[in-house]
Amino acid sequence: DIVAEWVLTATLMACKRLGHYKKWSDRFGQKPILLKDAVIAIVGRGAIGTESMRLLKSAGARDVTVTGASALAPTRRADIVVVATSRRAETVGLINATEMALWKTGSWLVSISHGGVINDHDLSDGLAKGLPAGAIVDCFETEPLPDNSELWSLAILSPHLAWYSPESTNRRVETFRARLKEWQGV
């Protein structure tokens, strides 16, 4: 799945702290970690979370936990927290200042969750204070992300394109056509 590949890529970037180093002297701060040594918590038990776990493990990750939105304890010990849950009434604002304050010092956020699951304002404030230490984010509360958002300078951002590939576009068109024919009774 293309989104799980994005999660694998972003997780490898987080392990290597890519985007964290803004000047040469930053190299003495957070040190890169190996994927095999990273503790990874995936919030989201659906197809994306499950496939992300499979890809991460096949790439060498050994400590990967998949959990639901109602059981966030694994995020407390994680080096990398992957948020892959959908936006529902019970997940709006799930990742907020209170939750991030419980995370391990030096942890990174990788998010492909729907906008609103992560409180963007709290994430900006947290990143400015170093908790989380870094973030790679694909979806936002407000899209397009406003030009004046602090996230542009504080995080690594993808403009809601984790899902995209030429193949995924073709699949969507074919699925639409099939459903249209079904609806039309053809």
Side-chain angles (χ1 to χ4, degrees), residues 1-20 30 32-88 91-96 99-100 103-104 106-120 122-123 126-127 131-141 143 145 151-152 154-169 171-172:
D1 180 78
I2 192 70
V3 178
E5 287 182 14
W6 188 94
V7 169
L8 173 62
T9 302
T11 301
L12 289 169
M13 291 175 66
C15 283
K16 299 307 173 200
R17 309 309 196 216
L18 296 180
H20 175 74
Q30 285 192 23
I33 59 175
L34 296 173
L35 181 63
K36 71 178 184 66
D37 297 329
V39 176
I40 303 167
I42 300 174
V43 179
R45 290 188 173 134
I48 293 170
T50 303
E51 180 64 7
S52 295
M53 178 180 70
R54 188 192 70 74
L55 281 180
L56 287 163
K57 285 188 171 186
S58 71
R62 295 189 287 206
D63 191 346
V64 183
T65 303
V66 176
T67 187
S70 61
L72 297 178
T75 64
R76 308 313 193 267
R77 65 179 200 85
D79 297 302
I80 300 166
V81 176
V82 176
V83 182
T85 192
S86 60
R87 181 181 173 149
R88 305 180 304 277
T91 63
V92 171
L94 180 71
I95 305 301
N96 55 41
E99 175 58 31
M100 289 183 284
W103 292 359
K104 176 178 171 179
S107 63
W108 273 57
L109 169 70
V110 169
S111 178
I112 48 89
S113 66
H114 293 151
V117 173
I118 296 171
N119 181 306
D120 289 353
D122 288 357
L123 178 58
L127 286 165
L131 189 61
I136 305 171
V137 185
D138 184 61
C139 299
F140 312 93
E141 283 182 280
E143 292 189 358
L145 187 65
L151 286 175
W152 287 111
L154 295 171
I156 299 169
L157 307 180
S158 169
H160 203 149
L161 286 175
W163 62 272
Y164 178 78
S165 75
E167 294 81 17
S168 67
T169 301
R171 275 194 316 257
R172 287 175 187 267

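On a predicted model such as this, the values are computed, not experimentally measured, just so you know. Below, all heavy atoms of this structure are taken into account, side chains as well, without hydrogens, waters or symmetry copies. Numbers here simply count residues along the sequence, with the first being 1.
Formation of a donor-acceptor pair under 3.5 Å by the T67 side chain with backbone atoms of A71 is found in this model. One N or O on the side chain of E141 and one on the backbone of D120 form a donor-acceptor pair closer than 3.5 Å. The backbone N or O of W103 lies less than 3.5 Å from no partner atom in the side chain of R76, so there is not a single donor-acceptor pair. No side-chain donor-acceptor contact under 3.5 Å links N96 to the backbone of I118.
Looking at heavy atoms from C-beta onward, T65 lies out of side-chain contact with I42 at the 4.5 angstrom threshold. Put simply, the side chain of M100 reaches to within 4.5 Å of the side chain of P132, judged on heavy atoms. Using a 4.5 Å cut-off on side-chain heavy atoms (C-beta onward), S86 and V117 make no contact. At a threshold of 4.5 Å between non-hydrogen side-chain atoms, the residues V81 and I40 do not count as touching.
How far OG1 of T85 is from CD1 of I112: 9.0 Å, rounded to the nearest 0.5 Å. Distance check: D138 CG to I156 CD1 gives 13.0 Å after rounding to the nearest 0.5 Å. Note that CD1 of I80 and CD1 of I33 are 5.0 Å apart. Values are rounded to the nearest 0.5 Å. Once rounded to the nearest 0.5 Å, the distance linking OG1 of T91 with CZ of R88 reads 5.0 Å. Once rounded to the nearest 0.5 Å, the distance linking CG of L131 with CH2 of W108 reads 13.0 Å. In this structure, the separation between OG on S52 and CD on E5 is 10.0 Å, given to the nearest 0.5 Å.
Take A10 and apply the side chain to side chain contact (heavy atoms under 4.5 Å, CB included) test, not counting sequence neighbours, and it matches W6, V110, I136. Qualifying side chain to side chain contact (heavy atoms under 4.5 Å, CB included) partners for W152, counting only residues two or more places apart in sequence or in other chains: L145, S149, L157. Qualifying salt bridge (Lys or Arg N to Asp or Glu O under 4.0 Å) partners for R77, counting only residues two or more places apart in sequence or in other chains: D63. In this view, R62 and D37 satisfy the salt bridge (Lys or Arg N to Asp or Glu O under 4.0 Å) rule, not counting sequence neighbours. Judged as a side chain to side chain donor-acceptor pair (under 3.5 Å), and not counting sequence neighbours, N119 has no contacts. Partners of H160 under the side chain to side chain donor-acceptor pair (under 3.5 Å) rule, at least two apart in sequence or in another chain, are E143. Taking the salt bridge (Lys or Arg N to Asp or Glu O under 4.0 Å) definition, one finds that E51 meets it with R54, sequence neighbours left out. Every residue meeting the salt bridge (Lys or Arg N to Asp or Glu O under 4.0 Å) condition with D79, not counting sequence neighbours, appears here in chain and number order: K104. Every residue two or more places apart in sequence or in another chain that forms a side chain to side chain contact (heavy atoms under 4.5 Å, CB included) with A59 is listed here: L8, L35. For S107, there are no side chain to side chain donor-acceptor pair (under 3.5 Å) partners, not counting sequence neighbours.
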Notebook entry, point to check: Going through the distances and angles, do L72 and L94 end up as a side chain to side chain contact (heavy atoms under 4.5 Å, CB included)?
Noted result: CA-CA 10 Å; L72 297 178; L94 180 71; 3.8 Å; yes

Item checked: Step-by-step side chain to side chain contact (heavy atoms under 4.5 Å, CB included) determination, L151 to L127 -> CA-CA 9 Å; L151 286 175; L127 286 165; 3.9 Å; yes

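For residues 8-18, every residue pair satisfying the side-chain hydrogen bond (donor to acceptor under 3.5 Å, both in side chains) rule, not counting sequence neighbours, is listed here: R17-Q30. Among residues at least two apart or in separate chains, there is no side-chain hydrogen bond (donor to acceptor under 3.5 Å, both in side chains) pair with a member in residues 38-50.
Of all heavy-atom pairs spanning A84 and I48, the tightest one is CB-CG2, 4.2 Å. Among all heavy-atom pairs drawn from S113 and C139, the shortest one is O-CB, 3.0 Å.
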